[in-house]
Protein chains: 2
Amino acid sequence: MNIRSEEIQTGAHACVSCRNCALKPLCLPGHLPVQEARALESAVERGRQLAPGMALVRAGASMDALLVVRSGSAKRFSVTLEGTEQVHGFVLPGEAVGLEGFATGRYGCEVNALEPLSYCRVPMHKLEQLLERLPGLRREMLRLLGQALDEALRLRGELAETDARGRVARFLADLSERLARRGFPPYDFRLSMSRADIARHLGLTLETVSRAFGTFKREGWLRVRARDISVLRPDALAALAGAPNCA
Amino acid sequence: MNIRSEEIQTGAHACVSCRNCALKPLCLPGHLPVQEARALESAVERGRQLAPGMALVRAGASMDALLVVRSGSAKRFSVTLEGTEQVHGFVLPGEAVGLEGFATGRYGCEVNALEPLSYCRVPMHKLEQLLERLPGLRREMLRLLGQALDEALRLRGELAETDARGRVARFLADLSERLARRGFPPYDFRLSMSRADIARHLGLTLETVSRAFGTFKREGWLRVRARDISVLRPDALAALAGAPNCA
DNA sequence: CCTGTAATTTGATCCGGATCAATAAGTGAT
DNA sequence: ATCACTTATTGATCCGGATCAAATTACAGG
């Protein structure tokens with residue numbers, strides 16, 4: 001997906017500039033008054049780079065920090081008793097990770113890097129201190145969780161009432177839109193996840209996902225070369241995906 | 001579902017005793033230190049009783065209070081562009097409602113009473129004041145949202161990988177367990193929602209839900225008389241439902 | 001209690017997506 | 001480049017659940 005932060009990798013630990021971060025408008029500080037953003041910034045640490053396949057979060061591990069992906073992409077999933085993966089979704093830069101951990105203080109699912117990944121972290125004890133004195137941050141945390149919840153509900157609803165091609169179309173449309181908001185070309189990207197990952201995310205088999213790609217290609221809506229995707233007819237995809245539910 | 005609070009309906013507005021509420025251990029105050037629970041209590045108002053079919057929450061309406069169902073049950077749903085209902089789930093006493101509203105300040109979905117329903121409300125401005133000085137409540141709100149998120153993720157995962165009878169089995173097992181935690185008989189209850197509601201919740205048709213009930217009845221796991229359900233073999237249901245995913 | 005209407009069950013058929021199977025295209029290491 | 005291996009495409013068949021269609025059972029209102 002060619003996702004890379006434009007900042008220079010410093011290696012420093014607690015020296016992060018949210019101010020100059022390209023992701024600021026998508027991230028927590030983008031919704032905070034200036035002085036609150038400053039205060040938050042001082043609590044943010046930079047996590048070290050992770051290689052593809054490495055775990056950013058392990059299910060059951062103590063939630064000791066709030067994590068936000070800075071560059072790269074990741075896969076959120078749970079491992080079922082049968083040992084299969086339940087893929088909850090994919091994480092792009094500026095998105096927080098492991099929020100379900102607030103439920104118990106331990107993460108509820110796994111998050112693995114799909115590409116070289118860097119991230120920011122706010123240690124929990126610092127977060128709690130900040131929440132004590134920053135009303136904007138309090139609101140922002142609730143907003144963030146509310147948004148994640150809303151998203152999860154929407155995704156579930158879609159699973160329940162959309163057919164295979166519709167799900168794949170929406171997956172692509174959604175990805176496209178999220179890339180666009182991050183300043184990446186929305187109609188020309190490389191998928192960082194396998195067909196199997198997409199399939200497990202959408203409650204389909206990888207064959208069905210592959211066939212959906214094939215159909216879109218044949219219709220002239222998409223150009224597919226393995227994981228390189230070009231969207232030629234975003235309107236057609238959006239139409240098939242169906243509009244997000246209203247009301 | 002025969003859900004009724006044991007408290008006498010007072011009609012008073014801001015005179016609620018969380019202390020003596022049967023739902024306390026399931027509700028917000030149950031997780032707070034005593035003096036924080038007191039402070040919260042003083043901000044809680046009693047909502048007026050709603051008749052079946054009435055809306056507790058309308059999608060798009062301004063989220064002016066945190067709502068918790070006190071007695072009765074409700075249906076959470078969204079209305080799609082085609083006018084169909086996407087049923088997100090069902091609400092039992094002690095459960096908060098409309099939490100996705102934190103995302104935007106407006107509720108994201110509808111909540112309708114399925115039975116005569118009463119509820120408690122904490123006005124948003126009072127909630128914000130309390131959050132300023134109650135660290136336990138801050139943690140509790142994050143926990144509540146984290147839990148809702150975790151729940152939504154789990155439900156989505158199940159949709160993606162469980163077949164029709166498994167979904168119905170899990171629906172019943174889940175309901176049974178939630179009733180038990182509220183002190184209701186877990187193996188003998190009346191469903192407050194229609195087959196169609198269950199179907200839309202599980203991403204099935206009402207015929208398929210009905211057939212699943214039929215199968216369970218024939219197997220001797222269930223006694224079904226319209227909406228009256230007796231669970232005869234909870235173990236069998238739980239087995240079919242499959243264990244919740246681990247890790 | 002009866003009656004009309006809505007909710008539920010049951011039956012018959014059909015189709016989308018799963019499954020099984022084989023081929024083809026990437027990808028990384030030597 | 002070549003080889004070994006993983007990932008993706010394509011094909012054939014099968015089955016679970018959707019859809020269409022009655023028949024039956026609850027239930028609210030008179």
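Order of the sequence lines sets the chain letters (A, B, ...), proteins ahead of strands, with each chain counted from 1.
- With hydrogens and angles ignored, the 3.5 Å screen pairs a side-chain donor or acceptor of A/Ser176 with a backbone N or O of A/Pro186.
- A straight line from CG of A/Leu240 to P of C/dG16 spans 13 Å, rounded to a whole angstrom.
- Side-chain N/O atoms of A/Thr205 include none lying less than 4.0 angstrom from OP1 or OP2 on C/dG17.
- Considering every non-hydrogen atom in both A/Val68 and A/Cys27, the closest pair reads CG1-SG, 3.9 Å.
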Determine, for nucleotides 20-30 of chain C in 5'-to-3' order, which nucleotides have protein heavy atoms under 4.0 Å from the base (write B), from only the sugar-phosphate (write S), or from neither (write -). B------S---

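- Within a 6.0 Å sphere centred on CZ of B/Arg195, other residues, nucleotides and ligands contribute more than 12 heavy atoms.
- Looking at heavy-atom distances under 4.0 Å, B/Ser194 makes contact with sugar-phosphate atoms alone, never a base.
- Each of B/Glu161, B/Glu158, B/Glu177 was scored for a salt bridge (Lys or Arg N to Asp or Glu O under 4.0 Å) with B/Arg170, with one residue passing: B/Glu158.
- Atom NZ in B/Lys217 sits about 12 Å away from atom C1' in D/dT24, given to the nearest Å.
- Residue A/Asp197 contributes atom CG, which lies 9 Å from atom P of D/dA8 at whole-angstrom precision.
- Side-chain contact annotation: A/Ser73 with A/Glu115, donor-acceptor N/O pair under 3.5 Å present.
- At a threshold of 4.0 angstrom between heavy atoms, the contacts of B/Val209 with the nucleic acid are absent.
- One atom, CG of B/Leu202, and another, P of D/dG16, lie 19 Å apart when rounded to the nearest Å.
- Residues A/Asp163 and B/Ser210 each lie close to DNA chain C; by heavy-atom proximity, the contact nearer the 5' end of the strand is made by B/Ser210.
- With D/dT9, D/dA18, C/dT9 as the choices, the nucleotide that has an atom nearest any side-chain atom of B/Leu206 turns out to be C/dT9.
- Here the OG atom belonging to A/Ser71 is positioned 11.5 Å from the CG atom belonging to A/Leu92, to the nearest 0.5 angstrom.
- Summarising the geometry, the separation between CG on B/Leu191 and C1' on C/dT9 is reported as 15 Å, rounded to the nearest angstrom.
- If you measure from atom CZ of B/Arg200 to atom C1' of D/dA18, you get 15 Å, rounded to the nearest angstrom.
- The local environment of CZ in A/Arg58 is sparse, with at most 12 non-hydrogen atoms from other residues, nucleotides or ligands closer than 6.0 Å.
- Inter-axis angle, ends of the helix from C/dC1-D/dG30 to C/dT30-D/dA1, five pairs per end, rounded to 10 degrees: 60°.
- Heavy atoms only, all atoms of each residue included: B/Leu206 and B/Ala199 are closest at N-CB, 3.4 Å.
- Other residues, nucleotides and ligands contribute at most 12 non-hydrogen atoms within 6.0 Å of the CZ atom of A/Arg223.
- Using the six-membered ring where Trp is involved, A/Phe171 and A/Phe90 have ring planes that are perpendicular, over 60° apart on the 30 and 60° scheme.
- Per the geometry, CZ belonging to B/Phe213 stands 16 Å off P belonging to C/dA7, to the nearest Å.
- A distance of 11.0 Å separates CZ in A/Arg178 from CZ in A/Phe189, rounded to the nearest 0.5 Å.
- Looking at B/His201 and B/Arg76, their side chains never bring a donor and an acceptor atom within 3.5 Å of each other.
- A straight line from CZ of A/Arg195 to C1' of D/dT9 spans 9 Å, rounded to a whole angstrom.
- Here B/Gly166 lies out of heavy-atom contact (under 4.0 Å) with every strand.
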Got a list of protein N/O to nucleotides 13-15 of chain D N/O distances below 3.5 Å?
none

